[in-house]
Each structure stands twice: as structure tokens, then as C-alpha cells.
4 protein chains.
Amino acid sequence: MSAMAEAKSPGRPRCQETRDAILRAAYELLESGGLVAFTIEAVAERSGAAKTTIYRWWPNKGALAMESFLRVAEQHSPFPQTDSARADLRAHLHLFAKSLRGRAGRLLTGIVAEAQKDPATRAAFIRSYVAPRRQAARALLERGIARGEFRTGLDVEGVCDALYGFFYMRLLLAHAPMDDAAVDRIVDLVLSGISLETETVA
Amino acid sequence: MSAMAEAKSPGRPRCQETRDAILRAAYELLESGGLVAFTIEAVAERSGAAKTTIYRWWPNKGALAMESFLRVAEQHSPFPQTDSARADLRAHLHLFAKSLRGRAGRLLTGIVAEAQKDPATRAAFIRSYVAPRRQAARALLERGIARGEFRTGLDVEGVCDALYGFFYMRLLLAHAPMDDAAVDRIVDLVLSGISLETETVA
Amino acid sequence: MSAMAEAKSPGRPRCQETRDAILRAAYELLESGGLVAFTIEAVAERSGAAKTTIYRWWPNKGALAMESFLRVAEQHSPFPQTDSARADLRAHLHLFAKSLRGRAGRLLTGIVAEAQKDPATRAAFIRSYVAPRRQAARALLERGIARGEFRTGLDVEGVCDALYGFFYMRLLLAHAPMDDAAVDRIVDLVLSGISLETETVA
Amino acid sequence: MSAMAEAKSPGRPRCQETRDAILRAAYELLESGGLVAFTIEAVAERSGAAKTTIYRWWPNKGALAMESFLRVAEQHSPFPQTDSARADLRAHLHLFAKSLRGRAGRLLTGIVAEAQKDPATRAAFIRSYVAPRRQAARALLERGIARGEFRTGLDVEGVCDALYGFFYMRLLLAHAPMDDAAVDRIVDLVLSGISLETETVA
DNA sequence: TGGTAACCGAGACGGTACGTCTAGTCTTATC
DNA sequence: GATAAGACTAGACGTACCGTCTCGGTTACCA
């Protein structure tokens with residue numbers, strides 16, 4: 001038999017349907033009306049759950065928003081792994097852009113806003129969403145370096161922030177489109193830089 | 001009749017000191033306690049002004065936050081104009097980073113968050129803060145192109161989003177520092193790209 | 001110049017209609033549904049006032065119940081003052097019983113219940129309602145003593161508690177009627193006692 | 001061993017200790033903190049029983065309060081039976097006052113308050129507590145009448161309400177003491193009445 | 001010099017949502 | 001079947017801000 005505990009705490013077990021209904025109501029509200037419509041009371045009403053139940057499982061608005069967002073976001077933008085790191089990067093960012101253009105994007109703006117007023121939410125966001133993607137992106141870049149596609153001594157973190165920052169920027173400000181052409185251009189930019197001649201970086 | 005409006009409306013003229021006190025209270029609150037502490041009631045109390053007076057001049061929280069932010073931000077991060085576009089870019093971004101590390105940064109996070117729940121605030125933010133900087137950045141880049149420093153056919157908007165996006169990213173998530181070394185690295189990155197060999201971009 | 005202050009505090013003056021609407025809603029609810037229906041939320045909804053407004057003026061449920069009760073109770077059961085203290089007592093108690101059979105009685109049960117869980121309400125009840133009536137009843141009894149109608153050395157407080165206690169008993173327990181015949185009988189009882197022969201009390 | 005049914009229903013028999021623990025916890029809470037502290041959840045926690053168990057045996061708060069009160073009250077204030085009805089009455093009321101000054105009094109106020117919001121509790125209170133005492137008091141008074149100590153044609157119910165009402169009054173309002181001297185005075189009063197001369201009652 | 005129009009403070013008002021509390025019901029596993 | 005544990009719906013509690021309103025009083029100008 002396996003070592004996993006099972007534990008089986010006493011009492012009525014948690015109702016999974018209620019939990020799902022709450023998370024569903026949460027992201028539906030967050031998606032349709034943004035952070036303004038996203039209210040614990042509204043979530044309670046829409047999900048049919050009692051406020052008490054919500055507060056039993058999530059300490060505050062931010063935590064609930066985070067989890068409902070993760071549900072939606074987790075199943076998207078995988079990291080392809082072909083024999084070209086450049087192609088992988090491009091492919092991944094196209095998928096990422098696509099997810100941001102959809103439901104996940106509409107939720108993400110709310111999460112980022114909420115994260116500004118609640119440090120715990122920010123921490124959870126970084127830990128649960130940002131960090132894993134960073135980890136994968138870092139691996140991709142380092143694979144590229146190992147394969148000789150990318151420059152050695154690269155500031156990998158910086159590259160990530162410039163690349164993802166581009167998308168966050170367009171998402172949060174919505175001042176310019178985030179279509180496939182734009183994605184291609186930003187990938188080209190980051191690959192080749194803006195300088196006309198290849199100079200030796202100091 | 002003269003061209004300058006002046007109009008000189010009747011009645012008691014607006015009290016400039018009150019206006020200043022309100023804006024000062026606003027950014028002090030926004031700076032010290034973030035969006036959570038930034039409350040019209042708190043601004044009223046701290047400034048000594050009546051809520052009515054605040055609402056007479058600013059339609060809502062976002063508008064007041066915007067204006068108090070602009071007061072602080074406007075006097076920073078100028079665009080140098082030497083004979084090297086690359087140097088100008090680098091110099092500007094160092095100044096920009098410095099301003100974000102200070103008071104302006106602490107306010108900016110609140111503004112961006114507020115912009116997510118109020119379209120008018122987002123519009124004002126783009127119009128009053130983002131657009132002018134973009135305009136100047138665009139000019140800088142195009143000057144560089146004209147001088148043969150930067151590649152022709154550059155997606156100028158995209159470059160801006162990647163560059164500024166980097167800073168917004170670090171500011172909003174605070175997951176990595178935004179010191180001068182990081183600025184230098186990101187400038188290098190954007191100048192030269194990540195690819196090892198200079199390839200012809202499709 | 002008159003002696004009365006007037007004071008005239010700054011700001012928007014209190015809206016008397018709202019105040020009245022709240023008190024009216026309060027006693028209507030208290031009357032129709034008792035303490036169970038008497039909820040700040042229900043009072044707010046029925047009166048059209050905001051909960052905030054209610055809490056601005058009354059510290060808790062008990063205080064509001066008290067005041068709305070006093071409104072109703074204050075205009076009832078006066079103390080007649082003829083040349084017969086016995087007749088006055090009888091007349092007063094008939095009026096008192098009548099008021100308890102009406103709206104005031106339905107409110108009073110709620111007040112007494114609330115007073116059991118909130119010392120402040122009990123204090124207010126005694127101070128505002130019980131004490132003035134006691135004062136008048138005491139005066140009536142002492143007038144009777146002075147006129148030679150009532151025994152000297154009477155425990156006036158005890159008489160009051162026995163008399164009013166009779167009514168509270170019937171009101172709170174509702175186990176027996178409180179009609180005019182019952183009032184007459186209790187007055188007779190207290191006047192003459194239950195002993196068959198007039199004995200000298202130790 | 002007797003032949004009586006025993007019935008022996010199937011399943012685990014009811015745990016008497018749990019029942020006792022619940023009732024004990026109930027009156028301890030009711031006694032120490034009044035109706036405010038008397039919470040089903042608090043009773044459950046203090047007794048170590050589950051809420052379910054409480055609700056299996058008592059339909060609601062009022063019923064539990066009633067029963068725990070009866071436990072305490074039932075063993076007190078017996079009705080002596082000597083050859084003087086007057087002495088018996090006096091003796092009984094002294095015992096009754098003593099019980100009200102103790103634990104039973106502290107519980108009684110809660111019961112009366114609860115009875116105002118729940119008709120079932122009121123009915124149970126009258127049925128289980130008030131009625132038996134009334135029955136005995138009535139018997140005492142009628143014995144007195146039969147022995148020629150008390151007036152014939154007495155409104156026995158009215159006498160009871162005036163006498164007990166006195167005690168309820170002092171208990172619920174706590175505006176005056178309920179010591180032995182006060183008891184003596186109220187007995188004297190009810191025995192002899194307040195009128196100076198023995199008049200013929202209309 | 002007095003009228004008038006817009007200013008300002010204070011603060012009451014109707015609302016919305018918060019996060020907490022308790023009631024009473026239910027579901028599960030254990031005894 | 002009784003019990004402990006504890007999740008669940010329901011709904012009131014009292015608080016915090018929102019944005020609007022109505023006062024009394026204060027400038028400045030213009031007639």
C-alpha cells in the first residue's frame with residue numbers, strides 16, 4: 001500500500017459541487033464585469049452558496065479571484081519543445097497571446113489590480129502563476145543558449161520581463177492590439193534587437 | 001476680443017490652496033498606504049477640505065488619483081537629446097527607472113489598478129501620462145532610425161511596449177529589482193537582441 | 001436676548017421626516033411581528049432609510065425600540081386627580097390596562113425582552129418609562145395617605161410593584177385576560193387585602 | 001427485575017451523560033452570560049456534544065433553555081402546609097424569593113425574554129413552570145378561604161398575579177431589592193390591603 | 001455699497017459591500 | 001440508532017466608503 005496519508009478527516013466532507021459553483025460564478029463575474037462586478041455577495045448569489053461558505057475556504061476576495069483565474073489559466077499556453085528554441089519561443093508566445101485575448105486576459109487584469117492592494121494576492125499570483133511560467137520560459141531560453149541559438153550570458157530574467165511585459169502592457173492599457181502580427185514583431189525584435197549593426201555589448 | 005479665454009466667471013474664485021491641499025493629501029495617502037488607504041473621506045480629512053469640494057472638481061476617485069499622480073510624475077524622466085540615440089535611450093530609461101523607484105512608482109501601481117476598474121481613469125492615464133511619453137520615445141527611436149543607429153522598419157510601438165513593459169512588470173509584480181544594472185541589461189537586450197548570430201529577420 | 005442657546009450646529013440639519021419614518025417603521029414592525037420581526041434591516045427597508053442613518057442616531061436595536069415605544073406609550077394612561085385617591089388609582093389603572101391591551105402592550109413585551117439582554121436598554125426603559133410612572137403613582141398613593149384614604153407607613157414601592165407587576169405578568173405570559181373586570185378585581189384586592197378580618201399587621 | 005416493558009429500541013441507546021452535559025452547559029451559560037451568551041454553538045462547545053445531538057433532543061433554543069431552567073427551578077420553593085394559610089403563604093414566598101435571588105432568577109429572566117419571541121417557549125414555560133406553581137398557590141389560597149382566614153369570593157388568579165407579578169417585576173427590572181423585608185411587606189400588603197378602613201367592596 | 005453667484009466647511013442621506021456571527025439542517029464515519 | 005465532526009443555507013449584525021444633498025457662511029465681482 002502506498003505511503004500517501006488519505007487522512008480522512010471526520011465530519012461531513014467538503015461539497016465539491018459547491019466549490020465548483022463558487023469558482024465558476026467567480027470567474028464568470030470577473031470575466032463579464034471585471035473587478036467592479038466581482039463581489040463576494042454577487043458570487044454568493046450567483047453560485048447559490050452562502051457567504052459563510054465562501055469565507056470558510058477563501059480568506060478574501062483576492063484569494064478567490066486567484067484560484068478562479070488559475071482554473072482558467074492553467075490549461076493554456078503550454079511550452080512546445082521542438083528542436084528550435086526560437087520556434088518554441090514564438091509558438092509559446094502565440095499561444096500565450098491567444099489565451100490573453102480570451103477569458104484569461106479578462107481575468108488577469110482584475111487579478112493584477114487586486115494584487116496591488118493586497119500583498120497576499122500578489123504573492124499568490126507570483127507563486128502560482130508567474131513563477132511556473134517563468135521557470136518554463138527560463139528553461140526554454142537556456143536550452144536555446146545551450147544549443148547555440150541564443151547569446152551566452154543572457155539576462156534571462158530580463159528577457160522574460162521584456163517579453164511578458166509587452167503582453168501585460170497591452171493587456172492592462174489596451175492601447176494597442178495584441179494580435180498575431182504584433183506577436184511576431186515583438187519576437188523578431190527580441191531576437192534581433194533594434195540596432196542596425198551587430199555591436200559588441202559592453 | 002482677446003484670444004485668451006479668461007472669461008472671468010462671476011462668484012467667488014476657486015481657492016488654490018484648497019486644491020493644493022487636496023492633491024497633496026491625495027498623493028501622500030496613495031504613496032504611504034496605496035490604493036487601500038486612498039479614500040475620498042481620508043483625503044477630505046487629511047486635507048481639511050469637505051468631500052463636496054473634492055467632488056466639485058474631480059468626478060471620482062480615479063480622476064483625483066490621476067491628477068495627484070501627474071503632479072508627481074510630470075517633473076521627472078525627461079528625454080535627453082544628444083547626438084547618440086542609443087545613449088539618449090539609455091539615459092532616459094535610467095531616469096525613468098529612478099522615478100519609478102521613488103514616489104511616482106508607488107503611486108503608479110495604484111493608478112494602474114484603479115484604471116482596471118474605471119475606463120475613464122484608464123483613458124485619462126493613457127492620454128495624460130502614457131501618450132506623451134510614447135510620443136517622445138517614438139521621436140527618439142525615429143531619430144535613431146534616421147541617423148542610421150536603429151534598424152529601419154522597426155515596430156516602434158512594439159519596442160516601446162517591450163521597454164516600458166519591462167518596467168511596469170517589475171513595478172507591479174516587484175518580483176525582481178529595477179536597479180541601474182537591470183536597466184543597462186534590458187537596454188543592451190533591446191539593442192542587440194538575444195540571437196547569437198545576426199540573422200535576417202523575415 | 002433669550003437664554004436658550006439655539007446653538008445651530010453646522011452642516012446639513014437632521015431630516016425630521018426620516019427620523020419619523022424610522023420610528024414609525026420600528027413600532028409597526030415591533031407591533032406586528034414582535035421582537036423577531038424587529039430587525040434593523042427590516043426597519044431600514046420599511047422606512048426607506050439607510051441602515052447607516054439608523055445607526056447614526058441609535059446605538060443599537062434596544063435604543064431604537066425604546067424610543068419608538070416611548071412615542072406610542074407617552075401619550076397614554078394619564079393620572080387623574082380628583083378628590084378621591086381610590087377613584088384616581090382605579091381610573092388610572094383602567095387607562096393603563098387599556099393602553100397595554102393596545103399597541104403599547106404589544107411593544108412593551110419586546111422592550112422587556114430586549115432589556116434582558118442589554119443593560120443599557122433596561123436602564124433606558126426604567127429611566128424613561130418606568131420611573132416617571134412610578135413617580136406619579138407614588139404621588140397618588142401619598143396623596144391618598146395624606147387624605148386618610150390609605151394606611152400610613154405603606155410600602156409605596158411595594159404597592160407599585162404588586163400593582164404594575166400584575167399587569168406585566170398578564171402581558172408577558174398572556175395566560176389570563178386583562179379586561180376591565182380583572183382590573184377592578186385587582187384594585188379591590190389591593191385596597192382591601194385578602195384577609196377576612198382586619199388584623200393588625202405586625 | 002420488573003416485568004415492565006423496557007421496550008428496548010434498537011440501535012445505540014441514548015447517552016444520559018451527554019444529555020446531562022448539555023443541560024449543565026446550557027444553564028451555566030445562561031446563568032453566567034444571560035441570553036446573549038446562551039448560544040447553541042456555545043452549548044455544544046462547552047458540553048462537548050455535537051450540535052446535531054442537541055437538535056435531536058430539543059427542537060430549538062427556547063426548549064433547551066426551558067429544560068435547563070426547570071432542572072434548576074424544580075427543586076426549589078416548596079409549598080409548606082401548616083395549620084395557618086397565612087404562614088404558609090409567607091413561608092412559600094420567602095422560599096420563592098430566595099430561589100429567584102439565586103441561580104434560578106438569573107435563568108428566569110432569559111426564559112421570559114425568550115418566551116417573548118417564541119410562542120412555543122412561552123407555552124412550555126406556562127405549562128411546565130407557571131401552571132404547577134399556580135395550582136399549588138391556588139390550593140393554598142382556597143385552603144385559607146375554607147379555614148376562614150381569607151375572604152370568600154376572592155379572585156384567586158388575580159391574587160397570584162399580583163403576588164408573583166411583584167417578584168417578576170423586581171427580577172426583570174432590578175430596580176429595587178427583593179430581600180426578606182420586601183417579601184414581608186408585600187405579604188402584609190396583600191393580606192391587609194392599603195385602605196385605612198375596612199370598607200365594603202362594591 | 002449692497003446684490004448675487006460661486007465657493008467652502010460640515011455633515012446628513014440612500015446605498016452597496018464588507019467580513020462576522022448564529023440558527024438550524026445536512027452528510028459522513030464511527031461507536 | 002446515537003454520536004462527533006463539521007459543511008451547508010440563510011440572513012442579521014454593525015462598519016466603511018461611496019457619491020449626493022442641503023445647510024450656514026465666505027469671498028469676490030458688478031451694478
Side-chain angles (χ1 to χ4, degrees), chain A residues 8-19 36 38-45 47-57 59-61, chain B residues 8-15 17-19 22 36 38-45 47-61, chain C residues 8-19 36 38-45 47-61, chain D residues 9-15 17-19 36 38-42 44-45 47-61:
Chain A
K8 207 56 190 168
S9 73
R12 175 175 171 176
R14 174 153 189 198
C15 175
Q16 196 56 40
E17 285 149 34
T18 295
R19 185 183 145 84
V36 177
F38 182 72
T39 288
I40 297 289
E41 304 233 317
V43 172
E45 193 181 7
S47 68
K51 279 201 317 179
T52 324
T53 304
I54 299 177
Y55 280 109
R56 198 192 316 276
W57 301 110
N60 50 45
K61 274 177 59 157
Chain B
K8 208 56 189 171
S9 70
R12 175 175 171 177
R14 175 159 189 192
C15 174
E17 285 149 34
T18 295
R19 185 182 146 86
I22 292 169
V36 177
F38 182 71
T39 292
I40 295 290
E41 306 231 319
V43 172
E45 193 182 6
S47 68
K51 279 191 345 175
T52 325
T53 306
I54 298 176
Y55 279 108
R56 200 192 311 276
W57 301 110
W58 294 275
N60 50 43
K61 272 178 61 158
Chain C
K8 203 60 189 170
S9 73
R12 175 174 171 177
R14 173 152 191 199
C15 174
Q16 196 56 40
E17 285 149 33
T18 295
R19 185 183 146 83
V36 178
F38 182 71
T39 289
I40 297 289
E41 304 234 317
V43 172
E45 193 182 6
S47 68
K51 276 202 316 179
T52 326
T53 304
I54 298 176
Y55 280 109
R56 201 191 315 276
W57 300 110
W58 293 276
N60 50 45
K61 275 176 59 156
Chain D
S9 69
R12 173 172 169 181
R14 172 152 193 199
C15 174
E17 284 148 34
T18 296
R19 184 181 148 84
V36 177
F38 182 71
T39 291
I40 295 290
E41 308 231 319
E45 192 181 7
S47 68
K51 275 188 357 172
T52 326
T53 306
I54 297 176
Y55 279 108
R56 195 191 311 280
W57 301 110
W58 294 274
N60 49 45
K61 269 178 65 158

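What you see is a predicted model; the values in this text were computed from it and never measured. Here is the naming used below: chain letters follow the sequence lines, and residue numbers restart at 1 for every chain.
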- Query: What string of B, S and - do you get for nucleotides 17-24 of chain E, 5' to 3', when a contact is any protein heavy atom under 4.0 Å?
  - Reply: SBBBBBSB

- Query: So how far is it from A:Glu17 CD to A:Arg19 CZ, rounded to the nearest 0.5 Å?
  - Reply: 13.0 Å

- Within the structure, does a side-chain N or O atom of C:Thr53 lie under 4.0 Å from either OP1 or OP2 of E:dG14? yes

- Task: Measure from CZ on C:Arg14 to C1' on F:dC21 and round the result to the nearest Å.
- Result: 16 Å

- Nucleotide E:dG14, atom C1' - distance to CZ of C:Arg19 in whole Å: 19 Å

- Query: What's the CZ-C1' distance between A:Arg12 and F:dA7, to the nearest Å?
  - Reply: 5 Å

- Message: Categorize A:Trp57 for me: base, sugar-phosphate, or nothing, with a 4.0 angstrom heavy-atom threshold over every strand shown.
- Response: sugar-phosphate

- Note on the structure: Of the candidates F:dA5, E:dC8, E:dA10, the side chain of B:Thr18 sits closest to E:dC8

- Message: If you compare all heavy atoms of D:Ala50 against all heavy atoms of D:Ala44, which two are closest, and at what distance to 0.1 Å?
- Response: C-CB, 4.4 Å

- Message: Over all strands shown, is A:Ala49 touching base, sugar-phosphate only, or nothing at heavy-atom distances under 4.0 angstrom?
- Response: sugar-phosphate

- Task: Work out which heavy atom in D:Thr18 is nearest to a heavy atom in D:Ala49; give both atom names and the distance.
- Result: CG2-CB, 4.0 Å

- Task: Report the C-alpha separation of B:Ile22 and B:Trp57 in whole Å, then their side-chain angles, then the decisive distance to 0.1 Å, and conclude whether the side chain to side chain contact (heavy atoms under 4.5 Å, CB included) test is met.
- Result: CA-CA 10 Å; B:Ile22 292 169; B:Trp57 301 110; 5.6 Å; no

- Task: Report the distance from atom CD1 of C:Ile54 to atom P of F:dA16, rounded to the nearest whole Å.
- Result: 17 Å

- Most 5' of D:Gly48 and A:Arg56 on DNA chain F, judged by nearest nucleotide: D:Gly48

- Query: Is any side-chain heavy atom of B:Ile40 less than 4.5 Å from a side-chain heavy atom of B:Tyr55?
  - Reply: yes

- Query: Among all residues two or more places apart in sequence or in another chain, which pass the side chain to side chain donor-acceptor pair (under 3.5 Å) test with A:Arg12?
  - Reply: none

- Note on the structure: Residue set satisfying side chain to side chain donor-acceptor pair (under 3.5 Å) with C:Glu41, at least two apart, ordered chain then number -> C:Lys51

- Residue mapping more 5' on DNA chain E - nearest nucleotide basis, C:Ser47 or B:Ile22: B:Ile22

- Message: Please determine whether a side-chain nitrogen or oxygen atom of C:Ser9 lies at a distance below 4.0 Å from atom OP1 or OP2 of E:dG11.
- Response: no

- To the nearest angstrom, the CD-P distance between C:Glu45 and F:dA12 comes to 9 Å

- Separation of D:Glu17 atom CD from F:dA4 atom P, in whole Å? 11 Å

